[in-house]
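Down below is the structure, laid out as structure tokens.
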Amino acid sequence: MRHLLSAGDLSRDEATLILDTAGELAQVGDRSVKKLPTLRGRTVVNLFYEDSTRTRTSFELAAKRLSADVINFSAKGSSVSKGESLKDTALTLQAMGADGVVIRHSASGAPHRLANWIDGSVLNAGDGTHEHPTQALLDAFTMRARLGRLEGLRVAVVGDILHSRVARSNVLLLTTLGAHVTVVAPPTLMPVSVHTWPCQVSYHLDEVLPESDVVMMLRVQAERMHDSFFPSVREYSRNYGLDRERLNRMPGDAIVMHPGPMVRGMEISAEVADSPRCTVTEQVANGVSLRMAVLYLLLGGS
Amino acid sequence: MHARKPARDDNETGVPASVPEVPEGTRAVLDGNEINRALTRIAHEVLERTKGGQDVTLLGIPSRGVPLAERLARRIERVEDLDVPAGSLDITMYRDDLRLAPARALGRTEIPAGGLDDRVVVLVDDVLFSGRTVRAALDALGDLGRPRAVQLAVLVDRGHRELPIRADYVGKNLPTSLRESVTVQLEETDGLDAVLLGPSPSATLKEGTRPGSLQRSETTEGDT
């Protein structure tokens, strides 16, 4: 493993190794000295062309807990706003000796291009509507921690599948790990090629809910929408939003996940978001351990 | 050939027990009974040196050090009727040779409840070799708490130290050549107890050089 570009690149063994490593590294958060010397002298660049709070701070904290030097580089306030291309920026970082580059970009495939230009490891932190592999890994980690297994787990991914990189990465990774995934969305928010994905497709949330161990709600990504995909927020929320009544129809030990940021009242009601069965804050905490594991496995060895 | 006594339950067959299990070119230097006696002696020594073992916490270094620490704890409990906390301390993230090999899988770290502050921590490992594992373990301990004292117990000391480190309790001092490998097998991890001495698989490859981390991890995990 040199780069982490797609959740689909991971074999079952590799993915399990990442999850196991994250499980061990989770202990570091409970210690008095929350730091390991492992990546001392290595440099990690956070190259963020899109706004992000959660993922960027999570990667930054993970790298710092491993004693790496972290440089944050956001498109705003950098040479990118002066018109520099991705390649020139990459070569600049290369010249400065970056060992790992964490990239978020609005263009799908940008991390793959970057991986051809630089010697260090490239970590995809979300590219366009394509993939977000560390999110899928931390989701899998959270499921395993809560429910004890992934094999045979029934997972419903609900919402804006069309614009979601989280959905694609989760489908690929969870299938590799033996879970059964169903994507649920209105037909307008389903990708054209969804039949090629290794998952079931449904347009009716109420049919899928009683047979799901995990329900993952996705945010409707209004910022990527240039057409109208559904008549009104109210109608969307009625058909595809998760409220108390729908939560009660799920199996008793089923959990609700959300990659964040949540839009309360749209895809998830405030009541469900605050219920103990919703794992949003756990997912954030697990994100740091998981990203530490990925950074260690990519940058820690030879 | 070293005198070997059948140590296990296959006595009635009359077949020397260790013969079928010992790979060609290696010989057993300690059998199950001898390992047991060494651990019993170390348990008594720990009690003597720590004046009753009141504050002792045993920490095994994965993988073989962990079951050894457990066994020592049970022995001390039997001798002194004293509850000795035992845990494990993984040192992978503190190794100085991480960049020489692909990233390794991590072992478990389990610090017993009550922590390490003001305890007498006895690190337990199977083989003491270069001393680099123990160096890493000392660094790891520094991040976990502040023990009153740190001591080291090993089943086999094979010499060839690369750092100023020595063991407080030694099961067996085993003079070796750098071309040899020492393998500790334990009931818990390998199905039987034995210490084997054999040729290092990579001796021909890296003749004259110190057995580096790369080959060590593949051959004898316990080489420290």
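Convention: sequence-line order gives letters A, B, ...; per-chain numbering from 1.
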B/T133 and B/L128, any side-chain heavy atoms less than 4.5 Å apart: no
Part of residues 20-32 of chain A lying next to chain B, heavy-atom separation under 4.5 Å: A/T21, A/E24, A/L25, A/Q27, A/R31, A/S32
Under 3.5 Å side-chain donor-acceptor pair for B/T92 and B/D90: yes
Residues B/D157, B/R161: salt bridge by 4.0 Å N-O rule: yes
B/R158 to B/F129 six-membered ring, cation-pi geometry met (6.0 Å, 45°): yes
Residues of residues 137-153 of chain B within contact distance of chain A, non-hydrogen under 4.5 Å: B/D143, B/L144
Region of A/K34 in contact with chain B, defined by heavy-atom distances below 4.5 Å: neither
Residues B/D96, B/R132: salt bridge by 4.0 Å N-O rule: yes
Residue pair B/R119 / B/T57, side-chain donor-acceptor N/O under 3.5 Å: yes
Electrostatic pair A/R144-A/E151, nearest N-O below 4.0 angstrom: no
Within residues 52-61 of chain A, residues adjacent to chain B where the heavy-atom gap is under 4.5 Å: none
NZ/NE/NH1/NH2 to OD/OE distance under 4.0 Å, B/D190 and B/R64: yes
A/H112 ring center near A/H130 ring center (under 6.0 Å): yes
side-chain contact (heavy atoms from CB on, under 4.5 Å) involving A/T38 - partner list, sequence neighbours excluded: A/L36, A/L66, A/Y296, B/M93, B/L98
Contacting moiety of A/L17, where chain B heavy atoms sit under 4.5 Å: side chain
Pair B/S88-B/E110, side-chain donor/acceptor within less than 3.5 Å: no
